[in-house]
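Quick caveat, the model's predicted, so the values are computed rather than measured.
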Amino acid sequence: MRISCLLVVIISIFIFFSCYPEVRSDSWPMLFNDSQNSGNTTSFAPDTNMTIWTRSTIGGDGYSSLAVANGRVFVNKGGGGILYCLSEGNGIEIWNRSIGFAGYGCATPAVSDGKVYVVSDKVYCFYENNGSEVWSKPISGGGTSSPKVANNRLYVNAQALYCYDANNGAEIWNKQVGGPGESTPAVANGKVFVNGQKLYCLNANNGNEIWNVSGGTSCSPVVANGKVFFNPGPIYCLFENNGSEIWSAPNGGDGYSSPAVGNGKVFVNVGGVIYCYDENDGTEMWYTSDIGDGCSTPAVSSDGKVIANGGGYTYCFDESNGNEVWKKYTGGPGFSSPAIANGRVFVNQRTVFCIGDTPLTIDEIVIVDGAQNELTTVFLNFSESMTIYAAGYNSSTSTFMGYVEVDWTESGGLGSFDPQTGSSTIFSAGTTLGVTTVFGENVGLGLIDDFVIEIISYPFLRYGWNLISIPEIQSDTSLTSVLLSIDGEYRIVQCYNSTDINDPWKHHEISKPPSLNDMNEINHKMGFWVYCSNPDGIIFTYDGTRPTQDQTITLEKGWNMVGYPSLGNKIRTEALNNLTFGDHVDAIWTYNSTAQKYEKIDESDFFEIGRGYYIHAKTKCEWEVPL
């Protein structure tokens, strides 16, 4: 029996993760990032080894690398025959599909044009957003090569190189290349390159051979700047057009690690030592100490970092000199290769890790759909002291449905929480909170296997003045109804109505007769002041409906006090959406009730759900607040 249980953690901010129709430039949509197998990305890599999230039960044997695209992470659970799709933001499962089992089962998925491709007992194509099958096709031969997508064609090496129509799976051509079927092809400039019994260069349209050289086996070739790099033992650099040698270096190791090429350098893992060569002439520039077993291919970021797995760790090195920037214990065999996307590092070392500079902001819907007693850990952080509440209930009836255990870790301590008690814990500013959900038994109702953590926006009002807003649409906008949860805990409420040029300030003071108060309504587009009279502060809870489309707020010329009815925090440029700072508005301020001071919203600052804002408009305009 499937039961949806909701764990509501009342903290700070609520944001839906987005679905993107196309692969973003800072993603890592296939093995070695692109169809050329370059191993480099336009994304920066983190400066620290902080764990953002982990998933401990889906990494399989740790052989499959990860594809990261459009807010999702895709992993092939080698040995388990399952393709998983996770949320990039928090690692929680979105969907999974059985894909059979073949050998190691370590082919890395590839994402292109709204579809995800993976090779196991068949070649599979699924829709990226929901995992429904588009097509599948049996494949003869064997191997663990990962698929490559280029120009609406899919290339798969299974001892023969197959070319399919990526949209419907129709076979276009195939070419026998021999070898173990472990080399992932590279596609560039109308040609496809693959290691089999030799390194082959084929016409991408029809599979006709253009040239070949000896030395191919398991490593994957890389195409960059008119050159081909591959590592069958020695490392070779060849001219792309005819395969003639430009340079070679002897330190190739066992020939399993493929090179990565970026920023004029070539990086390769030679038996646990990362070597860096000049791309043009093969001059050795630096090498690291031994990082341990594994054949992980390095990944190169746009800000000069090299990421590699080995010996149970994930390492980050300075691209210019090979000095270690950080390392992270991730366990596993070190055979899969890291991915760098959107400022974070993703690795599969049996456990899937997301590593970054900052923990998850408290901005996710976290959905776990898995087996009993599966552990899922997410790391949250918040900038000010706040109280965490939790409650377990059936999401369809909003009634308590059974036992769910939640553990948290803070500063090395471990606590537990029973949602039946409705108890809470206060965490101090700057805390990083690791929350581990444990599926347990729902007494009398079967097992819980669908579990949700939802973050919603209930602000904490401090003693004194607070400038806030309500991001949810109110069915009853009367002030007393909206503020019902803090009845008796506030003294004055006031707002600035920019449409009333003669008397813009409106007040509601508890001590005054109702006839003397001229502020009697609150809606989701308003910013307003509340004077909290509780010396200990209080959490302000409210009902409402989250917006499903952009909300329009009219800004009068001059100062306006407004809310921010969105589903997510956004940097100033993104939050202003259709407006341009400097043309439409020229000043934005908010109030920090903790520091008791006004704060200017600069270009790098965020609009935050639940806050109120002063916006100075140069002319009357309509602000379309983005979801």
Side-chain angles (χ1 to χ4, degrees), residues 11-22 24-27 43-44 52 69-72 87-90 341-344 356-366 380-384 386 454-459 467-473 523-528 544-555 560-593 598-617 621-627:
I11 325 177
S12 173
I13 302 164
F14 166 84
I15 301 179
F16 281 108
F17 55 79
S18 299
C19 298
Y20 299 85
E22 299 295 337
R24 297 170 294 180
S25 61
D26 281 354
S27 61
S43 173
F44 66 91
I52 307 302
N70 303 329
R72 303 179 180 94
S87 164
E88 178 186 334
N90 51 48
N342 302 308
R344 291 174 174 173
D357 285 324
T358 57
L360 284 179
T361 54
I362 303 177
D363 63 359
E364 306 287 345
I365 296 180
V366 181
L380 311 174
N381 96 312
F382 31 87
S383 58
E384 58 183 52
M386 58 190 65
E454 187 175 5
I455 312 305
I456 55 181
S457 52
Y458 290 160
L467 178 57
I468 65 171
S469 63
I470 299 174
E472 298 183 357
I473 300 170
N523 63 54
H524 64 293
K525 299 181 180 181
M526 297 171 52
F528 58 97
T545 302
R546 299 185 184 98
T548 58
Q549 60 186 8
D550 293 357
Q551 299 295 298
T552 300
I553 297 177
T554 300
L555 301 179
N560 301 262
M561 184 185 292
V562 298
Y564 177 58
S566 177
L567 298 180
N569 297 350
K570 293 178 175 63
I571 203 164
R572 190 183 74 181
T573 301
E574 185 180 2
L576 287 178
N577 197 11
N578 62 308
L579 303 182
T580 301
F581 191 88
D583 293 336
H584 300 98
V585 301
D586 57 6
I588 306 172
W589 291 81
T590 189
Y591 183 76
N592 185 328
S593 61
Y598 287 93
E599 293 179 341
K600 185 179 180 181
I601 304 301
D602 290 321
E603 184 177 11
S604 60
D605 294 324
F606 282 74
F607 275 75
E608 299 179 15
I609 297 174
R611 286 202 170 198
Y613 293 90
Y614 285 102
I615 297 183
H616 190 268
C621 52
E622 300 292 321
W623 177 27
E624 297 175 4
V625 182
L627 280 185

| How far apart are the closest heavy atoms of S566 and V625, and which atoms are they? | CB-CG1, 4.2 Å

| Which atom pair, heavy atoms only, marks the closest approach of I473 to P547? | CD1-CA, 4.2 Å

| message | Could you work out, with ring pair (Phe, Tyr, Trp, His ring centres under 6.0 Å) as the rule, every residue matching Y564, not counting sequence neighbours? | response | F607

| W623 side chain reached by T552 side chain, heavy atoms, under 4.5 Å | no

| remark: Across all chains, not counting sequence neighbours, the side chain to side chain contact (heavy atoms under 4.5 Å, CB included) partners of E599 are T590, N592, K597, R611

| Would you say S469's side chain and G527's backbone share a donor-acceptor pair under 3.5 angstrom? | no

| said: Which residues pass the side-chain hydrogen bond (donor to acceptor under 3.5 Å, both in side chains) test with D586, not counting sequence neighbours? | reply: H616

| What pair of heavy atoms forms the shortest contact from T573 to E603, and how long is it? | OG1-CG, 4.5 Å

| field | Between CG on residue D357 and CZ on residue R344, distance to nearest 0.5 Å | value | 9.5 Å

| remark: side chain to side chain contact (heavy atoms under 4.5 Å, CB included) filter on D583, not counting sequence neighbours, yields T580

| Can you name the residues that form a side-chain hydrogen bond (donor to acceptor under 3.5 Å, both in side chains) with H524, not counting sequence neighbours? | Q551

| Quick one: side-chain hydrogen bond (donor to acceptor under 3.5 Å, both in side chains) partners of E624, sequence neighbours excluded? | none

| Could you give the distance from CZ (F581) to CG (D602), rounded to the nearest 0.5 Å? | 7.5 Å

| request: Kindly write out the residues that satisfy side-chain hydrogen bond (donor to acceptor under 3.5 Å, both in side chains) with T554, not counting sequence neighbours, or none if the list is empty. | output: E622

| task | Write down the atom of Y613, the atom of E608, and the distance for their closest heavy-atom approach. | result | OH-N, 2.7 Å

| query | Is it true that a side-chain atom of D26 and a backbone atom of A341 form a donor plus acceptor pair closer than 3.5 Å? | reply | no

| message | Within the 4.5 Å heavy-atom criterion, are I553 and P565 side-chain neighbours or not? | response | yes

| request: Just jot down the ring pair (Phe, Tyr, Trp, His ring centres under 6.0 Å) partners of F606, sequence neighbours excluded, or say none. | output: none

| About how many Å separate OG of S593 and CD1 of I468, when rounded to the nearest 0.5 Å? | 9.5 Å

| Okay, side chain of K570, backbone of L627: is any donor-acceptor separation there less than 3.5 Å? | yes

| request: Please report the shortest heavy-atom distance between S27 and A69, naming the atom on each side. | output: CB-CA, 3.8 Å

| field | Within-4.5 Å side-chain heavy-atom neighbours: I588 and L576 | value | yes

| Just by distance, do the side chain of N523 and the backbone of K525 share a donor-acceptor pair under 3.5 Å? | yes

| task | List the atom of A575, the atom of P626, and the distance in Å for their closest heavy-atom pair. | result | O-CD, 3.1 Å

| message | I'd like to check the ring pair (Phe, Tyr, Trp, His ring centres under 6.0 Å) partners of Y591; sequence neighbours left out, ordered by chain and number. | response | W529, Y598

